[in-house]
Amino acid sequence: GHQHTNVAPDILTTAKGIANGMPLSAVATRKEIAEAAKGRGATISTFGGNPVCCAAAIAVLDEIQTTYTPQRVAQMASYIWPRLQKLQILYPDTIGDIRGRGLMIGIEIITDAKTKKTDANKA
């Protein structure tokens with residue numbers, strides 16, 4: 001996330017994952033930005049206030065804080081990255097590039113190792 005880039009975002013948004021797929025989204029911002037939107041009839045949430053979804057989000061955040069600590073994520077990432085790189089070597093005409101940070105991983109699916117042309121049908 002932004003913590004690794006020395007960037008201080010104005011606004012952070014999240015959805016789906018915050019409540020494990022239940023319809024909920026969240027917006028986090030600096031106080032002055034939130035204050036500027038107050039009373040203007042604007043909303044910054046399309047899925048806001050459902051108590052069941054909010055309870056799910058609290059459970060997800062509790063699980064992240066207790067189980068998926070930065071140390072655990074680093075451990076899991078150090079396990080999966082070398083295995084993905086081995087797959088890339090085994091399937092050079094299918095896996096073009098693997099990029100990301102930690103467990104936020106993108107795998108480029110291609111049709112040819114030389115041209116690196118992407119293939120949505122294979123994906």
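Computed from heavy atoms alone, side chains included, the values below leave out hydrogens, waters and symmetry copies. Here, residue 1 is the first one in the sequence, and each next residue gets the next number. Owing to the predicted nature of the structure, the values given are computational and were not obtained by experimental measurement.
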Distance-minimising heavy-atom pair for K116 and E108
O-OE2, 4.4 Å

Specify the closest pair of heavy atoms between P92 and I110, including all atoms of both residues, with the distance to one decimal.
O-CD1, 3.3 Å

For the OG1 atom of T118 and the CG atom of D112, what is their distance to the nearest 0.5 Å?
12.0 Å

Check Q88 against G96 and note the closest heavy-atom contact, atom names and distance.
NE2-O, 2.8 Å

Same cluster for I105 and Y91 if Ile/Leu/Val/Met/Phe/Trp/Tyr side chains link at under 4.5 Å?
yes

When rounded to the nearest 0.5 angstrom, what is the spacing between CG in L103 and CZ in R72?
9.0 Å

Distance, nearest 0.5 Å, that separates CG of L61 from CG of N20:
11.0 Å

Using the rule that two of Ile, Leu, Val, Met, Phe, Trp, Tyr join whenever any of their side-chain heavy atoms come within less than 4.5 Å, decide whether M104 and I64 are in one cluster.
no

Smallest heavy-atom separation, I107 atom then I95 atom, equals CG2-CG2, 3.8 Å

Which value, rounded to the nearest 0.5 Å, describes the distance between E32 atom CD and D10 atom CG?
8.5 Å

With the side chain counted from C-beta on, respond yes when V60 and E63 share a heavy-atom pair under 4.5 Å apart, and no when they do not.
no

Say you draw a straight line from CZ of R99 to CG of L84; how long is it, rounded to the nearest 0.5 Å?
13.0 Å

Within the structure provided, determine whether N50 and L24 are in side-chain contact (heavy-atom separation under 4.5 Å).
no

Is I80 atom CD1 crowded by more than 12 heavy atoms from other residues, nucleotides or ligands, each under 6.0 Å away?
no

If I compare all heavy atoms of V27 with all of I11, which pair ends up nearest, and what's the gap?
CG1-CG2, 3.7 Å

Check whether any side-chain heavy atom of Q85 lies under 4.5 Å from a side-chain heavy atom of W81, and answer yes or no.
yes

Got a second to check how far I58's CD1 is from I18's CD1, nearest 0.5 Å?
10.0 Å

Heavy atoms of R30 and P9 approach each other most closely as NH1-O, 4.4 Å

Any chance CG of D97 has more than 12 other-residue heavy atoms, nucleotides or ligands included, within less than 6.0 Å?
yes

